Protein chains: 2
Amino acid sequence: MTKTKAEILTIGDEILYGQLLDTNSQWMSAELDSIGIKTIRKTTVSDSREDILTAFREAELRADIILITGGLGPTNDDLTKPCLSEYFDSPIVMNEQALKELTEFFSSKGRELNEVNRLQAALPECSDMISNPLGTACGIWIHRNGKVFVSMPGVPHEMKRMMTDTVIPRLQQTYQTDVIYHKIIKTIGIGESWLAELIKEWEDNLPKHIKLAYLPSMGEVKLRLTAIGDDLDALKSEVQSQIDKLLSCAEKYIYGYDNDRIEGAVGSMLVKYGKTIALAESCTGGYVSHLITSVAGSSEYYRGSIIPYHNDVKIHNLGVKEDTLKAHGAVSEETVYEMANRVREQFNADIGVATSGVAGPSGGTPEKPVGTVWIAYADREQTITRKLQLWKDRRINIEATAIALLNLIRITLPKSIEIKE
Amino acid sequence: MTKTKAEILTIGDEILYGQLLDTNSQWMSAELDSIGIKTIRKTTVSDSREDILTAFREAELRADIILITGGLGPTNDDLTKPCLSEYFDSPIVMNEQALKELTEFFSSKGRELNEVNRLQAALPECSDMISNPLGTACGIWIHRNGKVFVSMPGVPHEMKRMMTDTVIPRLQQTYQTDVIYHKIIKTIGIGESWLAELIKEWEDNLPKHIKLAYLPSMGEVKLRLTAIGDDLDALKSEVQSQIDKLLSCAEKYIYGYDNDRIEGAVGSMLVKYGKTIALAESCTGGYVSHLITSVAGSSEYYRGSIIPYHNDVKIHNLGVKEDTLKAHGAVSEETVYEMANRVREQFNADIGVATSGVAGPSGGTPEKPVGTVWIAYADREQTITRKLQLWKDRRINIEATAIALLNLIRITLPKSIEIKE
């Protein structure tokens with residue numbers, strides 16, 4: 001089977017001049033990869049008619065599918081639509097379906113269409129419109145001589161929604177593709193090189209048509225298995241049997257698969273054990289609560305949080321003893337111990353967790369340099385504390401503390417249930 | 001002066017297949033931009049000899065400078081060096097300077113060179129070596145017929161060090177470059193098309209050498225002015241006088257410039273007026289607190305937050321009246337009014353703000369569909385509430401509410417101070 005080839009074309013001066021990081025093309029190529037379409041090139045060109053038309057011509061010679069983002073807004077510097085019109089020699093005309101959806105979009109917001117917006121529903125005559133439920137610029141699908149051009153807005157959440165709802169399913173209908181099956185195994189609490197050592201024998205014995213990639217990110221390492229063949233069910237069961245073998249040597253680091261996230265894994269665990277949780281976040285400033293509440297349905301187990309940034313709030317609103325703060329400071333085992341227990345009691349939760357640390361860039365001392373963080377887990381039976389020694393960067397310290405706290409809950413909760421039983 | 005043009009070429013399957021986000025090319029193009037070299041295209045190709053050679057040929061036709069990253073490692077899938085050798089018809093020979101530096105690099109780590117490493121010091125004969133103080137792959141500089149090819153490793157910190165120490169200074173010596181000056185104006189609380197209408201006359205009257213671009217993101221629109229000329233100070237003052245004109249028609253939507261963020265702008269405002277703030281976040285689940293505390297130094301004005309997700313916590317810990325919740329529900333003007341006032345009092349802050357809404361995907365009713373959100377601002381003198389009708393997507397609703405709340409603080413705080421005075 002000939003492999004279907006795609007090229008991703010990004011249009012925009014802001015990307016060429018380095019003012020904006022292009023995250024779209026990574027996401028898009030990963031989606032294409034998951035349905036067996038190979039991205040053979042990524043190109044970024046400026047908001048210039050000539051450059052865009054040249055890029056169209058070159059891409060069409062190389063690829064079957066040309067995915068374009070950017071340059072689709074309502075203003076004068078948005079050239080993608082006129083360029084598509086010129087390239088396909090197809091005049092821009094009002095698309096009734098696009099106008100209907102745009103009108104509905106505006107009326108759902110209680111607003112009227114203005115003339116600039118109305119023009120966003122005009123498309124090259126040869127194109128099909130792609131619905132954009134999250135914005136005002138609809139997408140464009142043009143199929144000619146076996147090649148497909150797709151134009152989408154550059155706003156990431158709008159583009160992603162269009163890809164997922166419309167473009168990916170329609171590409172799968174249009175092209176016969178190899179069967180590729182990916183499975184991602186999510187690990188936490190172990191570094192890439194230690195994990196590689198731990199699972200070396202398993203990795204060396206993987207069959208040739210199943211490939212392994214290590215994808216490290218903050219506090220986590222994803223293992224991606226990619227199996228290629230012609231029978232999806234067979235691939236799935238082969239991959240599953242490899243995962244079973246992996247579990248026998250690395251189970252304690254694995255919290256989930258594919259799109260699972262650690263905050264979702266912790267949430268499922270709380271649902272399973274019928275426990276509720278409350279948080280007292282100091283140095284993480286609400287970030288862990290944000291992760292927990294980003295999970296739909298979290299109201300089932302999440303009671304709430306207090307973020308006692310100022311010591312007054314720690315004392316008067318949370319109930320940490322003034323003596324504890326005076327004797328040990330806010331960043332200490334004793335303080336974080338009390339914070340976790342007080343929030344558990346006050347918010348009437350089964351589990352209380354807490355963070356306190358020096359996130360930086362300032363506030364460090366010789367004994368407690370920037371990156372010193374204490375975290376705690378408390379339930380009715382026990383309180384567990386951990387000290388972390390992190391980095392110099394505020395953002396990284398906040399994120400790494402959040403991952404460590406969620407992992408502490410993941411590890412401690414099942415043990416705690418066992419002890420009780 | 002003819003503008004010097006650069007093309008950035010990234011080599012690597014891991015970027016094409018979406019396994020790795022390319023952050024290098026953004027950084028490189030921003031560096032080039034800062035010395036007046038225009039990036040006209042960015043291209044990513046696979047680890048394939050043919051694709052690399054084709055990309056070399058195409059880039060040389062378009063650009064004066066071709067910056068290449070990736071494919072410079074010691075393993076068989078690293079093809080950049082053999083491709084440069086083939087393209088310039090120049091054999092790979094041992095470079096004595098490179099070998100000397102590589103030997104020193106290894107001995108500084110207490111290690112001996114092995115044969116694989118030794119070969120990293122062999123370069124196409126026509127090239128100058130570029131020192132890599134942070135790694136084992138030195139860079140390559142080839143100057144032929146007025147065009148420069150530069151090849152660097154893909155490891156970001158190694159590439160950045162080479163660019164800063166060697167490539168940028170050498171490009172400045174080689175090319176006379178134009179002066180480019182960018183200024184970004186950050187607006188909030190107005191959509192792209194309304195903003196375009198509002199500033200149409202100003203936009204139409206911009207001089208030819210100052211260009212405008214609209215860069216929309218969640219709840220915000222950035223305006224980027226790019227001025228091209230030969231005198232940086234003159235460009236700066238021309239851009240400033242355009243901004244002064246813009247302020248006269250759109251001041252109320254402008255919160256900052258360049259790398260300013262709305263949470264930072266609100267923070268600066270609180271510092272300026274000497275006010276403290278506390279938050280009661282329900283539907284945003286800690287996200288606004290996270291944004292506020294992501295600003296270094298926020299402990300100066302941020303007292304803390306409560307996230308009363310469960311109604312019990314709203315009543316018992318925050319002090320919202322049970323009757324209010326019963327009569328109007330958690331998502332109501334009355335509840336969010338009390339939340340903002342209670343958190344202000346309880347946390348002893350000058351300002352209290354609050355959010356309550358149906359983030360989704362479930363929990364909607366015919367009267368309060370998913371996306372219904374109330375926000376409030378309270379100080380000693382007044383309480384302001386706003387209703388938002390947002391989208392169906394949980395993540396987007398959380399982010400859009402956060403932006404709206406920060407903007408409400410930005411708008412209300414200075415007025416509130418005026419009223420008082």
Side-chain angles (χ1 to χ4, degrees), chain A residues 13-14 16-23 26-30 33 39-46 51 73-75 77 109-110 114 116-117 134 136 155 157 213 215 285-287 289-290 292-294 296 299 302-310 312-313 317 346-348 361-362 394-395 398, chain B residues 16-19 21-23 26-30 33 39-46 51 182 184 192-193 196-197 212-217 224 285-287 289-290 292-294 296 299 302-310 312-313 317 346-348 360-362 389 391 393-396 398:
Chain A
D13 288 348
E14 69 276 19
L16 270 188
Y17 302 163
Q19 287 155 3
L20 192 72
L21 177 64
D22 170 28
T23 57
Q26 183 201 15
W27 188 89
M28 292 164 77
S29 54
D33 186 66
T39 302
I40 55 160
R41 190 183 275 237
K42 293 180 181 177
T43 304
T44 307
V45 296
S46 74
D51 291 356
T75 50
D77 59 341
K109 306 255 170 281
N114 65 19
V116 174
N117 296 131
L134 302 175
T136 58
V155 182
H157 71 273
L215 311 172
Y287 186 59
S289 305
H290 165 57
I292 287 177
T293 56
S294 69
S299 56
Y302 172 66
R303 299 278 300 176
S305 301
I306 183 164
I307 307 169
Y309 228 57
H310 197 287
D312 286 355
V313 179
N317 303 83
Q346 291 209 15
F347 281 46
N348 194 23
S362 62
R394 185 177 183 86
R395 189 183 62 79
I398 291 171
Chain B
L16 271 188
Y17 302 164
Q19 289 155 6
L21 177 65
D22 170 28
T23 57
Q26 182 200 16
W27 188 89
M28 291 163 78
S29 53
D33 185 67
T39 302
I40 55 158
R41 190 183 274 238
K42 294 180 180 177
T43 304
T44 307
V45 297
S46 73
D51 290 355
H182 292 290
I184 290 174
E192 184 179 5
S193 52
E197 249 178 47
L212 174 70
Y214 291 80
L215 312 173
S217 60
R224 190 195 56 221
Y287 185 61
S289 305
H290 166 57
I292 288 177
T293 56
S294 69
S299 55
Y302 173 65
R303 298 278 300 174
S305 300
I306 182 165
I307 307 169
Y309 228 56
H310 198 285
D312 285 355
V313 178
N317 304 86
Q346 290 210 15
F347 282 46
N348 194 24
S362 62
Q389 200 59 57
W391 290 267
D393 182 280
R394 184 176 183 86
R395 189 183 61 78
I396 293 170
I398 291 171

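Predicted model, so just to flag it, every value in this text is computed and none were measured. Just so you know, these numbers use all the heavy atoms, side chains as well, and skip hydrogens, waters and symmetry mates. Chain letters run A, B, ... following the sequence lines, proteins first and then strands; every chain starts at 1.
- Both the backbone and the side chain of B/Ser299 come within less than 4.5 Å of a heavy atom in chain A.
- Note: A/Asp312 leads A/Val155, A/Asn348, A/Asp312, A/Val116 in heavy-atom pairs under 4.5 Å with chain B.
- Most heavy-atom pairs under 4.5 Å with chain B: of the set A/Met28, A/Arg395, A/Lys109, this distinction falls to A/Lys109.
- Contact annotation for A/Asn317: only side-chain heavy atoms (C-beta onward) come within less than 4.5 Å of a heavy atom of chain B.
- Looking at B/Ala213, the atoms closer than 4.5 Å to chain A (heavy atoms on both sides) sit in the backbone and in the side chain alike.
- B/Leu215 CG to A/Asp13 CG: the interatomic distance, rounded to the nearest 0.5 Å, is 9.5 Å.
- Residues B/Ser193 and A/Asn114 approach most closely at OG-ND2, 4.2 Å, considering heavy atoms.
- Between chain A and the residues B/Ile184, B/Ile396, B/Thr23, B/Asp51, the largest count of heavy-atom pairs under 4.5 Å involves B/Ile396.
- Only the backbone of B/Leu212 comes within contact range of chain A, with heavy atoms under 4.5 Å apart.
- In this structure, A/Tyr17 and B/His182 have tilted ring planes: the angle between them lies in the 30° to 60° band.
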A/Ser289 and B/Tyr309: side chain to side chain contact (heavy atoms under 4.5 Å, CB included), yes or no, with the steps?
-> CA-CA 10 Å; A/Ser289 305; B/Tyr309 228 56; over 6 Å; no

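- With a threshold of 4.5 angstrom between heavy atoms, B/Ser294 approaches chain A through N, CA, C or O but not through any side-chain atom.
- Atom CD of residue A/Gln26 and atom NZ of residue A/Lys42 lie 6.5 Å apart, to the nearest 0.5 angstrom.
- Proximity to chain B involves both the backbone and the side chain of A/Arg303, based on heavy atoms less than 4.5 angstrom apart.
- Interface remark: of the candidates A/Gly73, A/Gly286, A/Gly110, A/Gly286 forms the most heavy-atom pairs closer than 4.5 Å to chain B.
- Contact record, B/Glu192 with B/Pro216: OE1-CG, 3.6 Å, taken as the closest heavy-atom pair.
- Both the backbone and the side chain of B/Arg41 come within contact range of chain A, each with at least one heavy atom under 4.5 Å from a heavy atom of that chain.
- Interface residue A/Leu134: backbone and side-chain heavy atoms are both found under 4.5 Å from chain B.
- When only modelled atom types and interatomic distance are considered, B/Thr39 and B/Ser29 share no side-chain donor-acceptor pair under 3.5 Å.
- The candidate with the highest count of non-hydrogen atom pairs below 4.5 Å against chain A, out of B/Thr43, B/Val45, B/Ile307, B/Ile292, is B/Ile307.
- Contact annotation for A/Ile306: both backbone and side-chain heavy atoms come within less than 4.5 Å of a heavy atom of chain B.
- Ranked by heavy-atom pairs under 4.5 Å with chain A, the list B/Ser46, B/Gly304, B/Gly18, B/Pro361 is led by B/Gly18.
- For chain B, the nearby part of A/Asp22 is the backbone; its heavy atoms alone come within less than 4.5 Å.
- With A/Glu14 contributing its side chain and A/Leu20 its backbone, the two residues share no donor-acceptor pair below 3.5 Å.
- Atoms CG and CG, on A/Leu16 and B/Asp33 in that order, are 10.0 Å from each other to the nearest 0.5 Å.
- When only modelled atom types and interatomic distance are considered, A/Thr136 and A/Asn117 share no side-chain donor-acceptor pair under 3.5 Å.
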